[in-house]
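Below is one structure; the comments refer to it alone.
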Amino acid sequence: MTDQVLIFDTTLRDGEQAPGFSMTPDGKLRLARAIAALRVDVIEAGFAAASPGDAQSITDIARQVEGPIICSLSRAHRGDILASATALRDAPRKRIHVFLGTSPLHREYKLHMSREEVLEAIRTSVAYAREFVDDVEFSPEDAIRTERDFLVEALSVAAAAGATTLNVPDTVGYTTPDEIGELFRYLGEQVERSAETIFSTHCHDDLGMAVANSLAAVRGGARQIECAVNGIGERAGNCALEDVVMALRTRADAFGVATAIDTTRIMSASRTLAQITNSPPPRNKSIVGANAFAHESGIHQHGILQNRETYEIMKPEDIGLQTDGIVLGKHSGRHALAARARELGHVLDGDALNAAFVAFKAVADEVGTVDTARLSAILAEQSSHKPQ
Ligand code: KIV
Ligand code: ZN
């Protein structure tokens, strides 16, 4: 049987924390519904102690969004944990996610705590969270820059206190695929825990490696991936949900694990987020960018018109996108022009095709992309010049 990897969506928490991605409570609820439709396993709906509005959003999502486990983030403070437990009270399935910095930089400059104090705070906060819920996740913030022996100790203490998921955040996007894969294998051997405990990966994209690092973590034994729609998140963002899910699916031969995601809902979740935050992903963004399934050059268009697999490794309909992929512009060739003209009811060949092609290239040089309205005008003009 194929191993299952859980998808933990943090668009509404880590994603929303990034400048430009703040959402209203209504927006968060709408997006939570679109994310639930993807069939993610966990939705991190917010950080209850961050603001009364965020706590209310978590409560609304906990009450109204069916399917996934609903999660709220908490520092290792009793007040934060209580705020999370209160916001989540009506969720049929709920998780409290407790985090505390463990790296020397975080201990010395941010927390002013010794190793022993950090371990004690992990022990007491995780145990306190377990008083409210059975499902507790613990994250040693900046895990990647934490001394290995101390990381093992911190995760073992969290597991002994009742954490059921052990997340290993690359908070500043510093690791590499080889390094994180090896780290997960090492943690799998060293951390004391029950057999049901799940290791999780949470990668940021500061060096553009969040997706590759998450996939390497899975190879190393992680069975939960934390990610965000369109890859939004602190600074350069989080691992993009659509990328990691489609990589696992398209290259199932390489990874041998599956997710429960309904990939046909990917475009709709991406567009909902873009609409709510007024921030579409870049045109060239993998999977969901406007160019991800678009072909303008003549050579590629000729291939696509014969068989889409010549230049596409995924089907647009698999992510819920309906498109023939052909974009007409100055790089396009006769095959694509004739095909699009045929769709518009004009059968072009010989001299008619040549004349239309010359007129089309002249317009394309001026305007870039030739849309259907412009092409119809060119074709109408050509027909009016035809000898009767
Ligand atoms: O990046 C990070 O360390 C986080 C934790 C709170 C999990 O977002
Ligand atoms: Zn993060």
Side-chain angles (χ1 to χ4, degrees), residues 6-22 40-51 54 58 69-77 80-81 83-84 87 95-107 109-111 118 121-122 125-126 129 135-146 150-151 154-155 158-159 163-175 180 183-184 187 198-211 213-214 217 222 224-241 243-244:
L6 305 175
I7 296 296
F8 175 115
D9 180 275
T10 188
T11 315
L12 295 163
R13 199 280 297 168
D14 211 323
E16 206 213 358
Q17 270 172 227
F21 291 105
S22 186
V40 302
D41 300 280
V42 185
I43 290 181
E44 188 164 49
F47 186 171
S51 75
D54 218 33
I58 297 168
I69 295 168
I70 307 298
C71 173
S72 169
L73 184 70
S74 307
R75 285 168 299 183
H77 295 170
D80 275 29
I81 293 167
S84 283
R95 174 179 297 185
I96 296 179
H97 178 185
V98 178
F99 76 99
L100 182 63
T102 48
S103 69
L105 278 165
H106 281 236
R107 294 195 314 261
Y109 294 101
K110 199 180 86 173
L111 301 169
V118 167
I122 294 171
S125 58
V126 170
D135 185 345
V136 173
E137 172 168 331
F138 174 70
S139 287
E141 193 187 12
D142 205 15
I144 293 294
R145 294 189 299 171
T146 299
F150 188 56
L151 185 57
L155 291 170
T164 42
T165 301
L166 300 175
N167 187 38
V168 181
D170 183 14
T171 304
V172 290
Y174 181 72
T175 195
I180 197 170
L183 176 64
F184 270 90
L187 295 174
I198 291 189
F199 278 112
S200 165
T201 180
H202 176 113
C203 294
H204 279 270
D205 208 31
D206 300 66
L207 293 173
M209 292 192 281
V211 173
N213 287 338
S214 303
Q224 174 178 280
I225 300 173
E226 302 200 354
C227 49
V229 175
N230 295 352
I232 70 168
E234 287 279 10
R235 304 177 311 282
N238 283 86
C239 169
L241 179 148
D243 293 1
V244 82

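What you see is a predicted model, and the numbers here were worked out from it, not measured in a lab. As the structure lists them, so they are numbered: ligands from 1, and atoms in each ligand from 1.
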Restricting to distances shorter than 2.8 Å, give the number of protein N, O or S atoms close to the Zn ion (ligand 2).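 Protein N, O or S neighbours of the Zn ion (ligand 2) under 2.8 Å, waters not counted, come to 3.
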Which heavy atom in A163 sits nearest to a heavy atom in V126, and how many Å separate them?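 Closest approach of A163 to V126: N-CG1, 3.5 Å.
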Quick one: pull up NE2 in H97 and CZ in F8 and give me the separation to the nearest 0.5 Å.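 Going from NE2 on H97 over to CZ on F8, the span is 5.5 Å.
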Straight-line distance of T175 OG1 to I180 CD1, nearest 0.5 Å: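 These two atoms lie 5.0 Å from each other.
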Would you mind running through ligand 1 and noting each atom that sits below 4.0 Å from a heavy atom of [X]?
| X | value |
| --- | --- |
| S139 | 7 (C) |
| T171 | 1 (O), 2 (C), 3 (O) |
| E141 | 3 (O) |

Look at the side chain of D142 and the backbone N and O of T171, then say whether any donor-acceptor pair between them is shorter than 3.5 Å.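 No, D142 side chain to T171 backbone: no donor-acceptor pair under 3.5 Å.
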Salt bridge (Lys or Arg N to Asp or Glu O under 4.0 Å) involving E141 - partner list, sequence neighbours excluded: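 Counting only residues at least two positions away or on another chain, E141 forms a salt bridge (Lys or Arg N to Asp or Glu O under 4.0 Å) with K110.
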Give yes if a backbone or side-chain nitrogen or oxygen of H204 is under 3.5 Å from a nitrogen or oxygen of ligand 1, and no if not.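 Yes.
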Side chain or backbone, does E226 bring an N or O within less than 3.5 Å of an N or O on ligand 1?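 By distance alone, the answer is no.
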For atom 4 (C) of ligand 1, what is the closest protein heavy atom, and at what distance to 0.1 Å? H202 NE2, 3.5 Å
Counting only heavy atoms, which portion of D14 has something under 4.0 Å from ligand 1: side chain, backbone, both, or neither?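 For D14, only side-chain atoms sit under 4.0 Å from ligand 1.
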If you measure from each heavy atom of H97 to ligand 1, is any distance below 4.0 Å? yes
Could a heavy atom of R13 be found less than 4.0 Å from some atom of ligand 1?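 Yes; R13 lies near enough to ligand 1 that a heavy-atom distance drops under 4.0 Å.
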Is a side-chain donor-acceptor pair under 3.5 Å present for T165 with S200? no
S139 and N167: side chain donor to acceptor below 3.5 Å: yes
Given T11, I232, T10, D54, the one that forms side-chain contact (heavy atoms from CB on, under 4.5 Å) with E16: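 Exactly one candidate clears the test, D54.
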Looking at V172, N238, D170, which hits side-chain contact (heavy atoms from CB on, under 4.5 Å) with H204?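 With H204 as partner, side-chain contact (heavy atoms from CB on, under 4.5 Å) holds for just one option, N238.
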Y174, OH atom: more than 12 neighbouring heavy atoms under 6.0 Å: no
